Amino acid sequence: MLHLESLEQLRKTRRQWSQQGSVVAFVPTMGNLHEGHLQLVDAAKKLADKVIVSIYVNPLQFGANEDLDKYPRTLAADMQALTARGADAVFTPDTGLIYPRGLSEQTYVEVPHLSDILCGASRPGHFRGVATIVCKLFNMVQPDHAVFGKKDYQQLMVIRLMAEDLSLPVSIHGIETIRANDGLALSSRNGYLSDHEHKQATSVYRAMQQIAEALQSGRKDFSTLENDAKLLLKANGFTPDYVSIRRQHDLAPAADHDHQLVILVAAYLGKTRLIDNLEVSC
Ligand code: PAF
């Protein structure tokens, strides 16, 4: 696997791949890779001849009191895992390369409305940071395909809209969330949890399943279902940020006539903020 650290190395490799006629798929990550990320690499391999993964913990998408400093950085283990999984290249830019004039002087990419609801309401500026870095990385890597996890459901939608609005020549693919046997969605932030908190965290999936079963049985009392799920989370030690039943296609609040829904949850266990979601057809 090639390890590319500079834009020159990346562009040279990309040019060679184009000359060979290779289709390129890209998996942007912040590292600390787990099986969920590695399955994105598997999906990327099915789409393309060459797979490139980026590892960059993007300061622009973290709020002032968030976990930027303690976000796990495990490059050696990540490189080993990517090599074993058959990625062709890993791109590990530093902040000098990504934001040469500093964060406050950076040109931003902002997807309106969708960036301000749900996680965007609780984390102002977060999706602007995501859209900006993903747009920059797309311009650097120039992939034909890009692969993201559906675990970050709102992020995936922000990226799809950004790519469409800016006419970026890349197909965006969303891959199903990978869960542990107990239902907990794999996430780099699970590493912050103690054993006890890990057990409590499985209540997120149970809370979503409780709502999904109720929706499938025909219930439409969305606020009651959301509030009951919050009570279940609180009983398991969580401070819920939101539990929300939304339409899949635009994340607007669900109405009685909607059938393709998604349950979205964000909740704090101690200082750790976990998010998850479950799509429901009803
Ligand atoms: O999902 C992530 O890991 C990040 O938000 C992304 C897409 C790599 C942008 O920094």
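The structure displayed is predicted, hence computed values, not measured ones. Positions are given from 1, in the same order as the sequence printed here. Both counts, for ligands and for their atoms, begin at 1 and track the order of listing.
Side-chain contacts under 4.5 Å among hydrophobic residues (ILVMFWY), followed directly or transitively, place Val41 together with Met1, Val27, Leu33, Leu38, Leu40, Leu47, Val51, Val53, Ile55, Leu75, Met79, Leu82, Val90, Val147, Ile175.
For ligand 1, the atoms closer than 4.0 angstrom to any heavy atom of Thr29 are 8 (C). In summary, the atoms of ligand 1 found under 4.0 Å from a heavy atom of Gln61, numbered by their order in the structure, are 4 (C), 5 (O), 9 (C), 10 (O). Ligand 1 places these atoms under 4.0 Å from at least one heavy atom of Gln155: 1 (O), 2 (C), 4 (C), 5 (O), 7 (C). For ligand 1, the atoms lying closer than 4.0 Å to a non-hydrogen atom of Ile133 are 9 (C), 10 (O).
In summary, the side chains of Arg246 and Ser244 do present a donor paired with an acceptor at a separation below 3.5 Å, with no hydrogens or angles considered.
For the side-chain hydrogen bond (donor to acceptor under 3.5 Å, both in side chains) test, no residue two or more places apart in sequence or in another chain qualifies with Asp258.
The pair Arg85-Glu35 counts as a salt bridge, with a side-chain nitrogen and a carboxylate oxygen less than 4.0 angstrom apart.
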